[in-house]
Amino acid sequence: MILELDCGNSFIKWRLIAAESQPALAGGVVDSDEQLLAAVRQVNAPSPLYCRLVSVRSDEETAALRFRLEQAFAVEVCSAQPVRELAGVRNGYSDFARLGLDRWLALVGAYRLSGQACLVLDLGTAVTSDFVAADGEHLGGYICPGVPLMRNQLRTHTRRIRYDDAAAAQALHSLQPGRSTAEAVERGCSLMLRGFVLTQLELARERWGESFSVFLTGGDAALVRQMLPQARLVSDLVFVGLALACPLS
Ligand SMILES: Nc1ncnc2c1ncn2[C@@H]1O[C@H](COP(=O)(O)OP(=O)(O)OP(=O)(O)O)[C@@H](O)[C@H]1O
Ligand SMILES: CC(C)(CO)[C@@H](O)C(=O)NCCC(=O)O
Ligand SMILES: [K+]
């Protein structure tokens, strides 16, 4: 059993595979180390012998999780590290170690799957885009707040923007001008996200014409899925790169 973990800022995505390139036997999204251990223990399968993880958390938090995993399952843990080059892709940051490892693994995964120029969009706590040229050169990318951050900033810094989750869920059935606070904020943030995505597409077209692939991943990918019919929705894109960063042998 191999345990794979993508430790983001808000959630840990996990899955168990029996062996390299096998479909997941179990997996999920949890919001704490404790929940992760409990979820993995509940799976009716042998305990994992090997764990590969990518984390954008602090080194201390990542080390603490690693320690708990080793204690709980006696696993060998490989934690993806920043590198200048991997699987034919060259890191485009002037200081390669500063590029978020989740972005790096997602773009390495995208290039492996497409073998051509690609635009990678990851919609999580933050929304990120990355550009990889046909020869594997990472050109860099963009970072902006994701929908949960935009919404929370508005709630935190204004006195009269208040509505509940039910109203929020209800608001996105249309993108017409909002007639309530919930509609105005939810639709406004949704349009900002769409604007960002359309601009990324334009930038990619200016560079590459029509010869590029678009990859979409992250927990909020569904929010822009419809406006990107050409995009490949690969929810485990980070795991594709993670397998390349932490091969078993
Ligand atoms: N099953 C789920 N559990 C939690 N969040 C989910 C789930 N499905 C979709 N989401 C959405 O995914 C978003 C979080 O995205 P994701 O899990 O990709 O990133 P993250 O771990 O929060 O942050 P990061 O961008 O650092 O990876 C939330 O805004 C939430 O709305
Ligand atoms: C941008 C996030 C938060 C997305 O998860 C992560 O990739 C990160 O913390 N990156 C470090 C900063 C950078 O990529 O330039
Ligand atoms: K992410």
Side-chain angles (χ1 to χ4, degrees), residues 3-15 24 27-33 35-36 52-66 79-86 89-113 118-132 137-153 189 192-193 196-197 199-200 203 214-225 228 231-246:
L3 176 62
E4 299 186 314
L5 306 176
D6 172 5
C7 309
N9 278 293
S10 317
F11 300 103
I12 301 176
K13 279 74 71 182
W14 68 275
R15 70 177 189 185
V29 184
V30 291
D31 59 17
S32 68
D33 295 2
Q35 274 189 23
L36 172 69
R52 46 169 79 114
L53 71 84
V54 54
S55 172
V56 294
R57 302 182 169 192
S58 69
D59 291 342
E60 292 72 27
E61 288 169 296
T62 307
L65 173 58
R66 191 184 171 129
S79 185
Q81 297 299 316
V83 287
R84 247 180 251 286
E85 193 161 346
L86 176 64
V89 184
R90 289 175 305 287
N91 190 316
Y93 261 29
S94 38
D95 179 354
F96 72 92
R98 296 275 170 185
L99 175 65
L101 279 169
D102 54 347
R103 294 174 60 194
W104 172 239
L105 296 184
L107 70 92
V108 165
Y111 186 71
R112 168 55 61 101
L113 294 179
C118 34
L119 167 63
V120 183
L121 299 166
D122 187 340
L123 286 75
T125 305
V127 170
T128 63
S129 75
D130 279 283
F131 292 73
V132 188
E137 183 86 49
H138 170 228
L139 305 174
Y142 300 90
I143 304 174
C144 67
V147 172
L149 285 187
M150 290 196 251
R151 186 190 286 134
N152 290 342
Q153 282 296 91
C189 292
M192 280 195 65
L193 191 62
F196 176 83
V197 165
T199 306
Q200 301 308 306
L203 292 172
V214 183
F215 285 86
L216 194 55
T217 192
D220 280 327
L223 295 178
V224 298
R225 177 69 189 118
L228 292 171
R232 289 173 70 173
L233 179 63
V234 184
S235 55
D236 62 355
L237 194 56
V238 171
F239 288 144
V240 175
L242 182 59
L244 296 166
C246 295

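Read the numbers this way: they start at 1 and go in the same order the structure lists the ligands and their atoms. Residue numbers count from 1 along this sequence. Computed from a predicted model, the values in this text were never measured in an experiment.
Close approach of ligand 2 to Asn9 is summarised as follows: ligand atoms under 4.0 Å from at least one heavy atom of the residue are 3 (C). Close contacts of ligand 2 with Arg98, meaning ligand atoms under 4.0 Å from a residue heavy atom, involve 11 (C), 12 (C), 13 (C), 14 (O), 15 (O). With ligand atoms numbered from 1 in the order given, ligand 2 contributes 7 (O), 13 (C), 14 (O), 15 (O) to contacts under 4.0 Å with heavy atoms of Arg103. Atoms of ligand 2 lying under 4.0 Å from any heavy atom of Leu99, numbered from 1 in the order shown and given with element: 14 (O).
With hydrogens and angles ignored, the 3.5 Å screen pairs a side-chain donor or acceptor of Thr217 with a backbone N or O of Val234. Distance alone, capped at 3.5 Å, is enough to place a donor-acceptor pair between the Glu61 side chain and the Ser58 backbone.
Counting heavy atoms closer than 4.0 Å to ligand 2, residue Thr125 contributes nothing at all.
Judged by distance alone, the side chains of Tyr93 and Arg103 do bring a donor and an acceptor atom under 3.5 Å apart.
Residue Asp102 approaches the K ion (ligand 3) most closely through its N/O/S atom OD2.
Between the CH2 atom of Trp104 and the CG atom of Leu86 there is a distance of 5.5 Å, given to the nearest 0.5 Å. To the nearest 0.5 Å, atoms SG (Cys144) and CE (Met192) are separated by 7.0 Å.
For the K ion (ligand 3), the N/O/S atoms of Asp122 include one lying under 3.4 Å.
At under 3.5 Å, a nitrogen or oxygen of Tyr93, whether backbone or side chain, sits near a nitrogen or oxygen of ligand 2. Residue contacts with ligand 2: Ile143 is placed with no nitrogen or oxygen under 3.5 Å of a nitrogen or oxygen of the ligand (distance criterion only).
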- request: Begin from the C-alpha positions of Arg15 and Asp236 and carry the test salt bridge (charged side-chain N to carboxylate O under 4.0 Å, His left out) through to its verdict.
  value: CA-CA 10 Å; Arg15 70 177 189 185; Asp236 62 355; 2.9 Å; yes
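Scanning for side chain to side chain donor-acceptor pair (under 3.5 Å) contacts around Gln153 gives an empty result, with sequence neighbours left out.
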